[in-house]
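Read through the structure below, which is laid out as structure tokens, and then see the notes.
Proteins get letters first, then strands, A, B, ... in listed order; numbering begins at 1 in each. Just so it is clear, the values below take in all heavy atoms, side chains as well, and ignore hydrogens, waters and symmetry mates. This is a predicted model, so every value here is computed, not measured.
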There are 2 protein chains.
Amino acid sequence: MPAQTIIMSASPAPVTAAPHAATGETLFWEGDAAERLYRIESGIVRGVRYTEEGERNIVGFYFAGDMIGVPVAGAYRFTAEAVTDVTYTAVLLDRLADDVRSGGAARLFETVQTELGADELHSQLLCRHGALQRMCAFISGLYRRLGGATIEAIAQVDMADYLALTPETVCRSLKKMRDSGVIAMPRHNRIDVVDPGALAAMSFQ
Amino acid sequence: MPAQTIIMSASPAPVTAAPHAATGETLFWEGDAAERLYRIESGIVRGVRYTEEGERNIVGFYFAGDMIGVPVAGAYRFTAEAVTDVTYTAVLLDRLADDVRSGGAARLFETVQTELGADELHSQLLCRHGALQRMCAFISGLYRRLGGATIEAIAQVDMADYLALTPETVCRSLKKMRDSGVIAMPRHNRIDVVDPGALAAMSFQ
DNA sequence: CGTTACGTTGACTACGATCAAGCCGTGTGG
DNA sequence: CCACACGGCTTGATCGTAGTCAACGTAACG
């Protein structure tokens, strides 16, 4: 069950602690009626969808500053699960409409940038032929997005489900990247980007 | 150069002929400042993007009723090219903001449904392993979207660039589908869906 | 009528999925 | 505290499939 905490209507003075979701918890479920958007304040969230055949797909990873939960036909497009401990702010849809009213055309699309951008990125990654290039492009993208050399907490299984690869292939690709010296892995779930330039170069075959 | 015709501000009485783009013409360019959205009235449009390495990617096909041209950071996300002759309506962004003002939360996301849905579909297709399944899912999706048994005018090269396959593989997959009797191809650029059920079934391996 | 782009077919190859086995780290119960 | 089990990671061997290269056929257009 997702955490149901939301920012209540009118209590501006003392900002209570931001709502929180522990590792593995679900923020919202695919298909549920969307009442609010979630703005991630800290931590990592993964967007999950299950195919008719029962395969798990990851549609995106989301980070601090991202706004997720945009509905299609009133329902959430994917299930949002906390990869790490996550703090977030919930924004009621009605409240959002007010914002747009005052913000005008420019603000109109701000709220959907995250999901539009995430989907776009996902397609671009999947278009790359070659497991190694896909992995390099993925890690390179994370490196830029997170603005730092260290990527932590994302399981290889999740990368596999995101990039439409098998866990074995992900593992082998990471090994190649280690052997090439573009990354280091002090622990299994931690990737240090050593040579960002070479990493980016390897994204384009 | 794209057709620059737009619906002018206040002339409600006699509806002039809808703006028109001939086969191959460009409606808008990736990266251009987005001033208006395009609502397709008839025909087929493809969304195109070129990678840094010069490869052509097709990000989506759009049909009558679809609204395209949603900007990210003020710029169009892809180039829109007319696959067939196309008629469309241009909606100024300012006008759109007015609409949202009067329409409230529900209308807020209506304008982005097309692109959000298209990106989602694209990811789902690309996630399928197996060229035949990908092709079947693609054709099956077109069949449902177009609400008819006939799919015309989409080149195999375009399908290849959309599904991240080679033209050769697309051709061979279509041949298999012909041999299985799920589709017929009276001409090279026309596909008749003969057995929609079997087609859908083949989408899931 | 020639040119060009697209489609078709075949032979070969490379890459990633699959199957199988073992390893490691974490968490739980005796 | 250790034993054990579980999930995730790692490595190897094999196989199938889609990419590649090459050649030819066919439709569309000026």
message: Using 30° and 60° as the class boundaries, would you call the ring planes of B:Tyr38 and B:Tyr88 parallel, tilted or perpendicular?
response: tilted
query: With no hydrogens and no angle check, do the side chains of B:Ser42 and B:Thr87 hold a donor and an acceptor under 3.5 Å apart?
result: yes
- prompt: Who passes side chain to side chain contact (heavy atoms under 4.5 Å, CB included) against B:Glu120, sequence neighbours left out?
  reply: A:Arg49, A:Arg77, B:Gln124
query: Could A:Arg46 and A:Asp158 be called an ion pair, given the rule that one side-chain N must be under 4.0 Å from one carboxylate O?
result: yes
- request: Please state whether the rings of A:His122 and A:Tyr162 are parallel, tilted or perpendicular, taking 30° and 60° as the class boundaries.
  value: parallel
message: Can you classify the ring geometry of A:Phe138 versus A:Phe61 as parallel (below 30°), tilted (30 to 60°) or perpendicular (above 60°)?
response: tilted
Enumerate all atom pairs, one protein N or O and one N or O from nucleotides 13-23 of chain D, separated by less than 3.5 Å.
residue : atom : partner  : partner atom : Å
D:dA18  : OP1  : B:Ala131 : N            : 2.9
D:dG19  : OP2  : B:Thr166 : N            : 3.4
D:dG19  : OP2  : B:Thr166 : OG1          : 3.1
D:dG19  : OP2  : B:Thr169 : OG1          : 2.5
D:dT20  : O4   : B:Arg172 : NH2          : 3.1
D:dC21  : N4   : B:Glu168 : OE2          : 3.3

- prompt: How long is the line joining CD of A:Glu152 and P of D:dG8, in whole Å?
  reply: 18 Å
message: Contact list please: residues 182-190 of chain B against DNA chain D, heavy atoms, distance less than 4.0 Å, in numerical order.
response: B:His188
message: Please determine whether a side-chain nitrogen or oxygen atom of B:Lys175 lies at a distance below 4.0 Å from atom OP1 or OP2 of C:dT8.
response: no
Identify the pairs formed between an N or O of the protein and an N or O of nucleotides 2-5 of chain C at a distance under 3.5 Å, and give each distance.
none

query: D:dG7 P sits how many Å from A:Gln156 CD, rounded?
result: 17 Å
statement: Rounded to whole Å, the CD1-P distance (A:Ile154 to D:dG8) equals 15 Å
- request: Describe, as an angle rounded to 10 degrees, how the axis at the first end of the helix from C:dC1-D:dG30 to C:dG30-D:dC1 is tilted relative to the axis at the last end, five pairs per end.
  value: 40°
field: Listed partners of A:Glu168 passing side chain to side chain contact (heavy atoms under 4.5 Å, CB included), at least two apart
entry: A:Thr166, A:Arg172
statement: note: A:Met177, atom CE; D:dT10, atom P; distance rounded to Å ~ 13 Å
